[in-house]
Amino acid sequence: MILSKTTPEEKDIRNWKIKLILAWLFTIPVAVLMFVEKFSLFMIEEKIMTIILLILSFPVMFIIGFSTIRSGLKGFTSLYFNMDSLIMLGTVIAYLTGIFSLFFVIQDYSGISSMIMAFFITGKFVEAKAKGRATQEIRKLLELGAKKARILKIHEEIEIPIEDLKLGDIMIVKPGEKIPTDGVVVKGASSVDESMVTGESIPVEKNINSNVIGATINQDGILYIKATKVGKDTFLAHIIELLEETQSTKIPIQKLADKITNIFVPTILIISALSFVLWLYLSKDLSKAIGISVAVLVIACPCALGLATPTAIMVGTGIGAKKGILIRKGEAIQTMKKVKIIVFDKTGTITKGHPEVKEIYSLVKENHLFELIGSLEKLSEHPLSKAIVKKADLKKYLDVKDFKIYRGKGVYGKIRNKEILIGNMKFMQEKNILLKNHGKKIKEFEEKAYTTLIVSESKKIIGIIGIADAIKEDSIHAIRILNKLGFKTIMLTGDNALTAKAIAEKVGIKHYIANTLPEEKQNKIKELQRFGMVAFVGDGINDAPALKQANVGIAMGTGTDIAIEAGDLVIVNGSLIGVVKAIKLSKATFKKIKQNLFWAFIYNILMIPLAIAGFIHPVLAEIAMALSSITVVTNANLLRRERI
Amino acid sequence: MKKLKITIQGMHCASCAANIEKAVSKIKGVKSVSVSIMTNKGFVEAEDNLNPEEIKKTVDKIGYKVIIVTENKLISVPK
């Protein structure tokens, strides 16, 4: 990859700037001469005046404005008309009146041709600058990646360009340096500033086996990192790719504006021709008819309409990316406005997703119980199983035969020829295991918000395990804000009603749906959708179907583990406050889109008839046109002022 | 189905983006196309056998230039 110093945007701005200076160099004398002529300050012979104006306007029109004239002409030859077609036609007609006026009696508009072109170029320059501002966050993301990496090659440190970095290379990252690519720490410990990708300002502690993200900054220790992703597979590359796609796809509200943009230029060509004929017929004044048709051509502005939505989305997605909110589907911005119900998955979303065994009630010798549960759960990957294995902390695992997982219920296996079951109450009932007089203990655990698992050996209960998953620090705060904003908040969990109720109360969620098996989540969302638009917040890995089912799927991530494909919105750092911000950002962006579309429509609806009626001078028409698209882009940039 | 990302040169206004969309959507095998004036990029969903040259030619004919084409198999099915 060749890294050029100037970005395409900067080149664009510089191009328009040069054109702008050159254009006005010739146009200012034109304006002065026209002023002099109008107020008869001193007399120049009319034909000589026209020739001077034609000479001065020529370079503005056909050299400086060459690309505009050419692209406008291309519109006529290919019948795919564009904005330039209107400017080209308007200015060329005006220029030609100058030549004709040398031979016939007709008003000379040639000076006006260069003035329109100069204002058009000025407008383009300002618009290019505003667009540059609108794309600044994305450009920063593009520039974020490291250019070089220092790697360990047979006891030697060498520096290589980032393109040569390979999977498995061991990178050495010193304090203050950028981590070149995604990887896993193999030696060392440090804290890493991940704010540029997650929006989280507090540095994250990294130890051996921690995942790190490329382009984040190592703070205080030396880290040895094994590269696990390079090139276009890195987290940063994914984010950029995703944003580019969001910014290039359409959202429903845009449809009408797009339809109009599609037929806009040809329609204006027809309207302009009709105004010419009408005015010629009514006033019998050819010059006036020409002036009006030129004004109609240059006042019409499909740009404001076409830019209204994409500029706002550009700025919105950019602000989001900076705060660790990825808008993957632009449509979500529009849908979010109608969402009334927000459903949260419990594990990993409201809670940290790292359950711990809090209490064990053993009816046999504790060692014996630990041996059984540790050995059996060792075979399962479920987070609850992992918590149990960790708690049992066995040196040696017993042999398990006929191991079986009952999803959302429990596990089964034979140890020393005895049938062992670990699972929830439902599972025990299904397996006809009598709870006898342990009901009270179970209830006590559940009221403590523990996920409660029962252990049986040969159909006899031998222990009860209470597991809890700590609530994320900011979950309570976030839920409070969402409740206040008027959303109906609902928690979805596999826990039973008592445990669910206890957790829901702790975080301040009003409603909960308990005993939900993983595969039922999608259906629960479907049922809730009968009451209104539903947003679902869950992790992208296990909850993908539910995220898809919801009107807006909000996927929670932690560092590189994000399943980006799953959600419409992705909260990179997995904090519920991120959800609040994402909702605010969506709403603010959508508001900007509506404002922009409103102004763009109103502008064209008011100005075109005024031009047809002959109230607007062609030069004023061009100024108004330039201002309309500048307004739209600038208004989109104002989105940055919103407090998200 | 596959997805193509095209980088376009020479667009200067919203009707340019609309023109490219209109022209590309008429190519046989193209399912959907979306072009952004802000990013100078377009995303095309098309049948697997569509030749990217076809898109290049079409865009060229109406006065713009495709400078980069990247292809991706479509993994996720849109909602």
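Each chain gets a letter, A, B and so on, in the order the sequences are listed, and its residues count up from 1.
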State, to 0.1 Å, how close [X] and [Y] come at their nearest heavy-atom pair, and which atoms those are.
X: B:Ser15; Y: A:Met83; answer: OG-N, 3.1 Å
X: A:Asn262; Y: B:Ala18; answer: OD1-CB, 3.4 Å
X: A:Lys131; Y: B:Ile37; answer: NZ-CG1, 3.8 Å
X: A:Leu307; Y: B:Met38; answer: CD2-SD, 4.2 Å

Looking at [options], which one has more heavy-atom pairs under 4.5 Å with chain B than the rest?
options: A:Cys303, A:Ser629, A:Pro302; value: A:Cys303
options: A:Glu244, A:Glu331, A:Met314, A:Gln247; value: A:Glu244
options: A:Asp84, A:Thr135, A:Asp12; value: A:Asp84

For this session: Using a strict cut-off of less than 4.0 Å between a Lys/Arg side-chain nitrogen and an Asp/Glu carboxylate oxygen, indicate whether A:Glu245 and B:Lys5 qualify as a salt bridge.
Result: no

First locate atom [atom1] of [X], then atom [atom2] of [Y], and finally report the distance between them rounded to the nearest 0.5 Å.
X: B:His12; Y: A:Lys124; atom1: NE2; atom2: NZ; value: 7.0 Å
X: B:Cys13; Y: A:Phe264; atom1: SG; atom2: CZ; value: 10.5 Å
X: A:Phe81; Y: B:Ile62; atom1: CZ; atom2: CD1; value: 12.5 Å
X: A:Thr77; Y: B:Lys61; atom1: OG1; atom2: NZ; value: 12.0 Å

For this session: Inspect the surroundings of NZ in B:Lys22 and state if more than 12 heavy atoms from other residues, nucleotides or ligands are less than 6.0 Å away.
Result: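 Yes, the 6.0 Å shell around NZ holds more than 12 heavy atoms from other groups.
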
For this session: Check each atom of A:Ala304 against the heavy atoms of chain B and say whether the ones under 4.5 Å are side chain, backbone, both or neither.
Result: neither

For this session: Pick one of side chain, backbone, both or neither for A:Thr249, based on which atoms fall under 4.5 Å of a heavy atom in chain B.
Result: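 A:Thr249 touches chain B through backbone and side-chain heavy atoms alike.
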
With only heavy atoms counted, which part of [X] is less than 4.5 Å from chain A, the side chain, the backbone, both or neither?
X: B:Lys41; answer: both
X: B:Ala23; answer: both
X: B:Glu21; answer: side chain

Problem set entry | Test side chain to side chain donor-acceptor pair (under 3.5 Å) applied to B:Thr39 and A:Ser248, step by step | CA-CA 7 Å; B:Thr39 52; A:Ser248 303; 3.0 Å; yes

Exercise. Knowing that exactly one of A:Asn82, A:Val265, A:Leu79, A:Thr261 qualifies, which makes a side chain to side chain contact (heavy atoms under 4.5 Å, CB included) with B:Asn19?
Worked result: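 Of the listed residues A:Asn82, A:Val265, A:Leu79, A:Thr261, the side chain to side chain contact (heavy atoms under 4.5 Å, CB included) partner of B:Asn19 is A:Asn82.
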
